Every structure is written in C-alpha cells, then in structure tokens.
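Take a look at the structure below.
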2 protein chains.
Amino acid sequence: MDIKYAILGFLSWKSFTGYELKKLFANSMIFYWSGNNNQIYTTLIQLHKEGLVTNQVQHQENLPSRKIYTLTESGSEYLKQWLLSSPEIPQIRKSFLVQLAWSNLLSQSEINTLIEKYEYEIKMQLLMHREKKRRGDAVNPSRTSRENYIWKMISENFIRSYESELAWLRELRKNLDEL
Amino acid sequence: MDIKYAILGFLSWKSFTGYELKKLFANSMIFYWSGNNNQIYTTLIQLHKEGLVTNQVQHQENLPSRKIYTLTESGSEYLKQWLLSSPEIPQIRKSFLVQLAWSNLLSQSEINTLIEKYEYEIKMQLLMHREKKRRGDAVNPSRTSRENYIWKMISENFIRSYESELAWLRELRKNLDEL
DNA sequence: GTAGTCATGTAAGACGTTACATGATTCT
DNA sequence: AGAATCATGTAACGTCTTACATGACTAC
C-alpha cells in the first residue's frame with residue numbers, strides 16, 4: 001500500500017497543508033509512515049499533477065506561506081475505488097522473533113535478559129496507547145457515531161495486539177524457566 | 001533490521017548455498033523477506049567481503065556449481081552481538097485499518113463486504129499456519145529441547161496474532177450491525 | 001543563545017521488490 | 001510441448017528514511 005491513499009483519506013476529512021499532514025502522520029500509529037518531508041511534499045505535488053487534489057496558497061505575515069490542499073471530485077472517486085479494493089493481509093515484522101530464533105548461541109540468562117527487554121518495550125507501547133485512548137486526544141474525525149466507533153476500534157486493535165504479545169511472552173518465560 | 005542477520009543466523013545452524021537460503025526465506029513467515037535473488041546473493045557477497053562467511057565451490061555434473069557458505073568465527077561473534085542488542089518494537093502495518101479509517105465514504109453494506117473480505121484473508125492465513133504447525137514441516141533446527149520449544153512458540157506467536165485479529169473482527173462486526 | 005515551531009522543498013541512500021538473463025535437466 | 005527445478009547473478013525501479021537547506025519568529 002501507498003501513502004497516497006492515506007493522504008487522500010485525510011483530505012477526504014478536511015483540507016490540510018503538507019505541514020499539518022506531516023504532523024498527523026508523525027503522531028499516529030495507524031498511519032504508520034514516518035511523516036517525513038520528502039514523502040509528503042512530493043506525494044502532494046504528484047497528486048496535484050494527477051488532478052486528485054487542488055491547492056490554494058495562503059500568504060501570511062511573519063510566517064511562511066502555506067499551501068492548503070483540497071480533495072477534488074476525481075480524488076474522491078480514486079480514494080473510494082481503493083477503499084473498495086480487497087484488503088491486504090497485515091504485514092507483521094517482529095525482528096525480536098528472529099533474535100529468539102537464533103538464541104541457541106546465547107546462555108539462559110542472556111535469553112532471559114533479551115525477553116525482559118522486549119517485554120519492557122511492549123509494555124511501554126501498551127501504556128502509550130492506553131493513555132492516548134484514555135485522554136481521548138487521538139485523532140478522530142468523529143463525523144458520525146459509526147465513524148467514531150470505528151476509530152475507537154482501530155485504537156483498540158493496537159492495544160489488543162500488544163496485550164496478546166504480552167500474554168504470549170508470559171507463557172514463554174514461564175515455560176523456559178521450567179525447562 | 002537487516003536481512004544479513006537472518007542469513008548469518010541460518011549459517012550459524014549449518015552451511016547453506018544461496019539457493020537454499022532463498023527457499024528458506026520464501027517458505028517462512030518469521031523470516032519475513034521475500035527471498036529474492038538480488039538481496040540474498042548480494043548480501044552473501046558482501047558478508048564474504050567482510051569475512052563473516054567463507055564459501056566453497058562445489059562442482060556438479062549436469063547441474064550448475066553451487067557455493068556453499070559457512071559462518072566464520074568473526075561472523076559468529078558479529079551475530080552474537082546483534083542477538084544481545086535491544087529488541088526493536090514490532091513493525092505492524094495493517095493497510096486494512098487505513099481503509100476502515102476512511103470508510104465514511106462507504107455505505108454500510110460496502111463496509112460489511114470489506115470486513116468480510118479481510119476476515120476471509122485472516123482465516124486463510126490462520127489455517128495455513130495451523131496446518132504448518134500440525135504437519136510439523138516448518139523449519140526447525142531442533143538442536144536442543146529448548147530450541148525446539150522456542151521455535152514452536154515462534155509459530156504460536158503468529159497463530160495468536162491472527163486469532164486476536166479474528167476476535168477483534170467479530171466484535172467489530174457485531175457492534176456495527178447493532179449500531 | 002539554544003531550541004522549537006511554522007512552512008516548504010531537495011538530495012542521498014538504505015532496503016526491498018519484480019523482472020531479466022543463462023542453460024541444462026527433469027517432471028507432467 | 002511446456003513448466004518446474006537447480007543455480008547464480010544483474011538491472012531497474014518503488015518505497016521509505018535520514019539529513020540537508022532556508023528563514024523568520026517564539027519560548028525558555
């Protein structure tokens with residue numbers, strides 16, 4: 001999948017500048033791109049060339065001008081086509097599992113340390129996500145109750161992934177200790 | 001993370017040719033790279049330059065020659081250093097969640113179709129993994145009971161991820177129907 | 001005075017994929 | 001006859017990341 005659909009999605013919510021989009025990407029987990037300049041600005045320029053978005057330059061005093069991007073009719077159509085396309089299977093890459101796979105080269109205590117470090121990282125992620133959900137400061141267009149529910153469930157999806165990982169880790173540790 | 005550690009890991013198990021490694025990657029989920037020629041052969045050449053592996057050319061009649069790669073002492077050291085390094089957090093990319101996020105543009109029945117398609121894909125993945133585990137034909141060095149257990153738990157990790165996803169999907173569907 | 005925000009853009013490079021290239025052998 | 005396996009390698013390209021570049025303003 002491509003960042004362009006995520007950008008078109010944001011613009012289907014409301015108009016944004018590249019700078020604003022960049023921050024939205026940087027602060028979200030669902031929209032998993034880093035939010036680096038290169039990708040955002042060049043994608044916007046390309047979408048503009050293809051007529052999927054228009055922009056309006058807003059001059060400001062004492063601040064740089066901003067380009068406010070708006071979705072066009074054909075942009076909306078293009079996005080909708082993608083929304084209806086068959087979902088891809090999740091791409092899950094856990095380099096920790098690769099470390100574990102070759103942990104035969106490590107001692108029992110080195111393995112335990114490795115697992116503990118990973119467990120700590122996962123717990124931190126979980127805390128972050130739970131805190132974001134609790135504070136309700138996660139991005140959420142919330143145009144309808146359905147949309148609001150869907151965005152909450154998207155947050156919940158991440159939380160459950162981490163919870164499932166922790167449950168798995170507890171079992172792993174317990175059985176390794178008994179071995 | 002880099003494919004080179006995964007390759008060094010395989011070679012810490014036993015010697016392999018590039019072609020064999022390619023198939024190992026293509027058939028495994030944990031070692032999530034596609035197993036394309038370019039990456040494998042060029043990485044092996046680079047590892048050889050760095051002295052982390054050596055190779056021995058084996059000429060065969062009626063078949064192309066093969067280069068059998070073996071881990072060196074310094075390759076083993078290099079791998080071990082990485083094994084001891086702090087695990088990265090999992091990289092989870094679910095483009096389906098991006099589709100869901102902007103599903104405000106879709107009708108209720110279009111959303112349901114989308115969810116059903118995704119559910120089907122996840123179920124298929126789960127079946128595949130369960131079947132692989134049941135048949136016991138998944139790659140597993142199984143040099144010690146500890147290693148055998150760890151590799152089984154790695155398979156289990158994938159199965160649980162998909163099970164957790166399905167449980168989440170059931171809840172999503174149920175509540176969207178009631179909304 | 002150092003760092004951060006606002007705002008846009010470019011350059012260089014890492015990582016990964018598909019496809020191209022060769023050529024004999026074996027299976028259906 | 002056509003496809004797959006064995007075996008190595010290269011080319012072209014897509015995607016994403018970090019870092020560079022500018023310049024004014026604001027906050028500590």
Side-chain angles (χ1 to χ4, degrees), chain A residues 1-8 10 15-50 53-69 82 88-89 91-93 95 98, chain B residues 1-8 10 15-50 53 55-69 82 88-89 91-95 98:
Chain A
M1 191 225 153
D2 219 340
I3 195 177
K4 72 177 166 190
Y5 298 110
I7 290 178
L8 290 174
F10 275 116
S15 296
F16 286 106
T17 66
Y19 190 73
E20 286 167 334
L21 287 168
K22 186 182 140 165
K23 282 192 294 178
L24 286 167
F25 279 103
N27 296 325
S28 82
M29 300 281 121
I30 325 163
F31 304 101
Y32 44 74
W33 298 266
S34 71
N36 65 88
N37 288 0
N38 198 325
Q39 233 182 330
I40 307 236
Y41 290 112
T42 55
T43 303
L44 283 170
I45 289 164
Q46 211 202 301
L47 291 173
H48 188 241
K49 252 189 230 155
E50 291 165 20
V53 301
T54 53
N55 68 41
Q56 201 204 327
V57 182
Q58 196 183 66
H59 294 285
Q60 301 179 113
E61 277 181 45
N62 303 340
L63 275 178
S65 313
R66 28 198 274 139
K67 286 188 185 170
I68 301 162
Y69 285 91
W82 177 71
E88 292 165 26
I89 56 158
Q91 194 206 57
I92 300 177
R93 300 185 165 187
S95 72
V98 180
Chain B
M1 191 223 151
D2 218 340
I3 195 176
K4 71 177 167 190
Y5 297 111
I7 290 178
L8 291 174
F10 276 117
S15 296
F16 286 106
T17 65
Y19 190 73
E20 286 168 333
L21 286 169
K22 186 181 138 163
K23 282 192 294 178
L24 286 167
F25 279 103
N27 296 325
S28 84
M29 301 280 121
I30 325 164
F31 303 101
Y32 43 74
W33 298 267
S34 71
N36 65 86
N37 288 0
N38 198 326
Q39 235 183 330
I40 306 234
Y41 290 111
T42 54
T43 304
L44 282 170
I45 288 164
Q46 211 202 303
L47 291 173
H48 188 243
K49 251 190 230 155
E50 291 167 20
V53 301
N55 67 41
Q56 203 204 326
V57 182
Q58 196 182 65
H59 294 285
Q60 300 179 113
E61 276 181 48
N62 302 339
L63 275 178
S65 315
R66 29 199 272 138
K67 286 188 185 170
I68 301 162
Y69 284 91
W82 177 71
E88 292 165 26
I89 55 159
Q91 195 207 55
I92 301 176
R93 300 185 166 187
K94 301 181 180 175
S95 72
V98 180

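Scope of the values below: all heavy atoms of this structure, side chains included, with no hydrogens, waters or symmetry mates. Owing to the predicted nature of the structure, the values given are computational and were not obtained by experimental measurement. Here is how names work: the chains are called A, B, and so on, in the same order as the sequence lines, proteins then strands, and each is numbered from 1.
Between Q46(B) atom CD and dG16(C) atom P there is a gap of 12 Å when expressed in whole angstrom units. To the nearest angstrom, P of dT26(D) lies 12 Å from CD of E61(A). Rounded to whole Å, atom P of dG14(D) lies 18 Å from atom CH2 of W33(A). In this structure, Q91(B) places its CD atom 10 Å from P of dC16(D), rounding to the nearest Å. When rounded to the nearest whole Å, the span between CD of E88(B) and C1' of dT17(D) equals 14 Å. Between R93(B) atom CZ and dC16(D) atom C1' there is a gap of 8 Å when expressed in whole angstrom units. Remark: P of dC6(D) and CZ of F16(B) are 14 Å apart, rounded to the nearest angstrom. Going from atom CD of E20(B) over to atom C1' of dC6(D) covers 11 Å, rounded to whole Å.
Judged by closest nucleotide on DNA chain D, I68(B) is the one of I68(B) and P64(A) placed further toward the 5' end.
In this model, the phosphate group of dA7(C) is not approached by any side-chain N or O of T17(A) to a distance below 4.0 Å at OP1 or OP2. A close approach under 4.0 Å does not occur between any side-chain nitrogen or oxygen of K4(B) and OP1 or OP2 of dC15(C). Remark: S34(A) is not in phosphate contact with dC16(D), judged by side-chain N or O atoms under 4.0 Å from OP1 or OP2.
Atom CG of residue L8(B) and atom CG of residue D2(B) lie 10.0 Å apart, to the nearest 0.5 angstrom. In this structure, the separation between CG on L47(B) and CG on N55(B) is 11.0 Å, given to the nearest 0.5 Å. Distance check: L44(A) CG to Q39(A) CD gives 11.0 Å after rounding to the nearest 0.5 Å. In this structure, the separation between CG on L24(B) and OH on Y19(B) is 12.0 Å, given to the nearest 0.5 Å. Between the OG atom in S65(B) and the CD atom in Q58(B) there is a gap of 9.0 Å [rounded to 0.5 Å]. Taken to the nearest 0.5 Å, the CD1 atom of I30(A) stands 11.5 Å off from the NZ atom of K94(B).
A pairwise comparison of heavy atoms in I68(A) and S15(A) identifies CG2-CB, 3.7 Å as the closest pair.
An end-to-end axis angle of 40° holds for the helix from dG1(C)-dC28(D) to dT28(C)-dA1(D), taken from five base pairs per end and rounded to 10°.
For Q60(B), counting side-chain heavy atoms from C-beta on, the closest listed nucleotide (dC16(D), dG16(C), dA7(D)) is dA7(D). Closest approach to the K22(B) side chain among dT17(D), dT8(C), dT8(D) is made by dT8(D) (side chain taken as heavy atoms from C-beta onward).
With a 4.5 Å cut-off on side-chain heavy atoms, K67(A) and V57(A) count as touching. When side chains are defined from C-beta on, F25(A) counts as touching I7(A), because their heavy atoms get closer than 4.5 Å. At least one side-chain heavy atom of V98(B) sits under 4.5 Å from a side-chain heavy atom of W82(A).
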Measure all distances between protein nitrogen or oxygen atoms and nitrogen or oxygen atoms of nucleotides 3-5 of chain D, and list the pairs falling under 3.5 Å.
none

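Around CD of Q56(A), the count of heavy atoms belonging to other residues, nucleotides or ligands within 6.0 Å does not exceed 12.
One finds no salt bridge joining R93(B) and E88(A) here, because no Lys/Arg side-chain nitrogen approaches an Asp/Glu carboxylate oxygen to under 4.0 Å.
For the segment residues 35-44 of chain B, residues with any heavy atom less than 4.0 angstrom from an atom of DNA chain D are, sorted by number, N37(B), N38(B), Y41(B).
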